[in-house]
Amino acid sequence: MKLVVIGGVAGGATAAARARRLSEDAEIVVFERGEYISFANCGLPYYIGEVIKDRDNLLVTTADAFNARYHIDIRLFTEVAGIDRKAKKVTVKNHQTGETYTETYDKIILSPGAEPVRPPFPGVEADNIFNLRNIPDTDRIKAYVDQHKPKSAVVVGGGFIGLEMAENLVFRDVQTTIIEKMEQVMPSMDYEMAGLMHAHLKEKGVGLILGDGIEAFEKNNGRMIVRTEKGETLECDMAILSIGVKPENRLAREAGLEIGDLGGVKVASTMQTSDPNIFAVGDAVEVTDFLAGHATTTPLAGPANKQGRIAADNVMGRRSIFRGTLGTSVVKIFEQTVASTGANEKMLRCYDIPHVASYSHSGSHASYYPGAQMMAVKLLISPSTGKILGAQIVGGEGVDKRIDVLATAIHGSMTVFQLEELELAYAPPFSSAKDPVNIAGFVGANLLKGDARKINWNEFSALDPEKDVLIDLRNKDELEETGEIEGALHIPLNELRDNLHKLDKSKRYIPFCAVGLRGYVAYRILAQQGFDALNLSGGYKTFLGAKEKIMRESPYTPIWRGE
Ligand SMILES: Cc1cc2nc3c(=O)[nH]c(=O)nc-3n(C[C@H](O)[C@H](O)[C@H](O)COP(=O)(O)OP(=O)(O)OC[C@H]3O[C@@H](n4cnc5c(N)ncnc54)[C@H](O)[C@@H]3O)c2cc1C
């Protein structure tokens, strides 16, 4: 068996190592176009920001070390230029020597990754406009920051690479503005959850231009002028393009392999392409969405590594399958951790999949133990089965652990009722006796069981000010601190029972508090007294996340403080 692996980083290096572990006899050759195998793509922004100080730490292993352990023939600076499927040969070019030669194969595992999208904006070829994909890109950006000491930068695109770059440029004292075409950053999150990120970014001094794109880059007196489609003009010293990536499919396309509608190489669950001797993995492929079953691309390291292992299994005669992707991801933005798994509401709407959105806010650990941080949790639940379809969390400490529990729950097809039952580790420094995952389960299960009726922030525009009455249950100091909603009655929860006689049964009441818990208690009081009521899910905090949209669309005007 002679296995040729094309691309020697996340998916390719994993596939090669797994193949060797399964077969001591196989001949394994890895072709890597660049200088490094198995480098830490995910660590690159942090080296630019000098959080990772030593460049060598980005090199997870070297070709020599990999070869010593796995006895794999690694050819660096060597690009596979073509695949002759009939003759079962690849043509390769050594970029150092200029030599071109062919190499036979029995099986190929393709893991060429994805390339950054670089639209042909006028002026985009300027040498202070960068993409970030690999170590040479990183060296270029870091050298520019070190030598030119830029005062300001524009990051185009608010996905996770853009956000990480914005953070790390701020660490280097570069005043940074993100320009994002959507009306929110982090497309995997829903609008109101991304709103919590917008607030944090602004707090950290990052400029945000949302719902606007790049028109052109120009030069003026040595500085860069960025013109946006909506007519904004920004002056800066450098720009990072992080608009997204597209599967690197040239080799596969030219070899006549089937390519999907999203541009990724089409693969079966075994990672086999339309040619039984060629497998493909990682950012270059289209896989199945775990929940909805449609084709999708997931340019993330976890799926690439797993698929590499699965492809190697199948190449070496073991049956192993990839059951689909949940797109589980996590990103750190200054002191905030943002994570998601499974479907978001935008996707469920797009595919017309019935769902209930439920919000909860919990402390990362017991409130009496120092340092607890709040996290906002959004669950998307199937109303008919109670199955969890997706989850999003924005907070600080402990967000990563909760999203992983929820990803596991989705992978195991668990319901929101099972989340209520999960027995999770607890001691005050780590969690609460009711973990945030349990709380999210209680809140979601209450909705499905009919113990609570709710209204979400995005249903506010349908409220009728003549009929619907908001009741703010928070204490006066909370209103003063964070703002209020104009027109709401103010009745702190503990005074609600004494004020019921003032309420009118022909109205519908919408009690709300800071995060939804007091709102739920008030709902239970009102409902049991025969009032028509709805709790504002996620309370004022979730409402705040969506404030721009609410202000545009709703008959109720929030009165914001501190702005
Ligand atoms: C800055 C950055 C930060 C990231 N952060 C995260 C993160 O925090 N979490 C996460 O899950 N994911 C992250 N990712 C994404 C993750 O790195 C990728 O999903 C993963 O590396 C994909 O693996 P892959 O094997 O498909 O491609 P890659 O790891 O990109 O490897 C592809 C390799 O193939 C080589 N190649 C391409 N064509 C040829 C050819 N014809 N011949 C020879 N060699 C070829 C390329 O040179 C490249 O080195 C990040 C990516 C970047 C760029």
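Counting convention: from 1, in listed order, for ligands and their atoms alike. Model, not experiment: these values are computed from the prediction. For the single chain, residues carry numbers from 1 onward in sequence order.
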Please say whether Leu300 places an N or O atom under 3.5 Å from an N or O atom belonging to ligand 1. yes

Hey, could you give me the CG/CG distance between Leu132 and Asp137, rounded to the nearest 0.5 Å? 6.0 Å

Please state which part of Ala304 comes within less than 4.0 Å of ligand 1, counting heavy atoms only: side chain, backbone, both or neither. side chain

Quick check: closest heavy atoms across Phe430 and Lys401, and the distance to 0.1 Å? O-NZ, 3.7 Å

On the ring face of Tyr105, is Lys89 found with NZ or CZ under 6.0 Å from the centre and within 45° of the axis? no

So is there a nitrogen or oxygen of Phe160 less than 3.5 Å from a nitrogen or oxygen in ligand 1? no

Would Phe39 count as being in polar contact with ligand 1, using the rule that some N or O on each side must be under 3.5 angstrom apart? no

One pair to check against salt bridge (Lys or Arg N to Asp or Glu O under 4.0 Å): Glu235 and Lys151. What are the steps and the verdict? CA-CA 10 Å; Glu235 220 176 276; Lys151 288 197 169 47; over 6 Å; no

Enumerated ligand 1 atoms positioned under 4.0 Å from heavy atoms of Thr78: 43 (C)

I'd like to know if Glu164 pairs up with Lys332 as an ion pair, taking the criterion as any Lys NZ or Arg NE/NH1/NH2 lying under 4.0 Å from an Asp or Glu carboxylate oxygen. no

Proximal ligand 1 atoms for Glu248, defined as those under 4.0 Å from one of its heavy atoms: 37 (C), 38 (N)

Atom 21 (O) of ligand 1: of Val245, Val331, Thr328, Asn41, the nearest heavy atom sits on Asn41

Please say whether Gly11 places an N or O atom under 3.5 Å from an N or O atom belonging to ligand 1. yes

Students often mix this up, so state it plainly: with edges at 30° and 60°, are the rings of Tyr351 and His294 parallel, tilted or perpendicular? parallel

Classify the angle between the aromatic ring planes of Phe217 and Phe121 as parallel (below 30°), tilted (30 to 60°) or perpendicular (above 60°). perpendicular

Provide the number and element of each atom of ligand 1 under 4.0 Å from a heavy atom of Gly7. 33 (C), 34 (O), 35 (C), 44 (N)

Options Ile109, Val80, Ile161, Ile83, ranked by nearest heavy atom to atom 41 (N) of ligand 1, top entry: Val80

Can you tell which of Arg75, Lys332, Glu32, Arg250 gets a heavy atom nearest to atom 46 (C) of ligand 1? Glu32

Is the backbone of Ser152 close enough, under 3.5 Å, to the side chain of Asp237 for a donor and an acceptor to pair up by distance? yes

Atom 15 (C) of ligand 1 - nearest protein heavy atom and its distance: Pro299 O, 3.6 Å

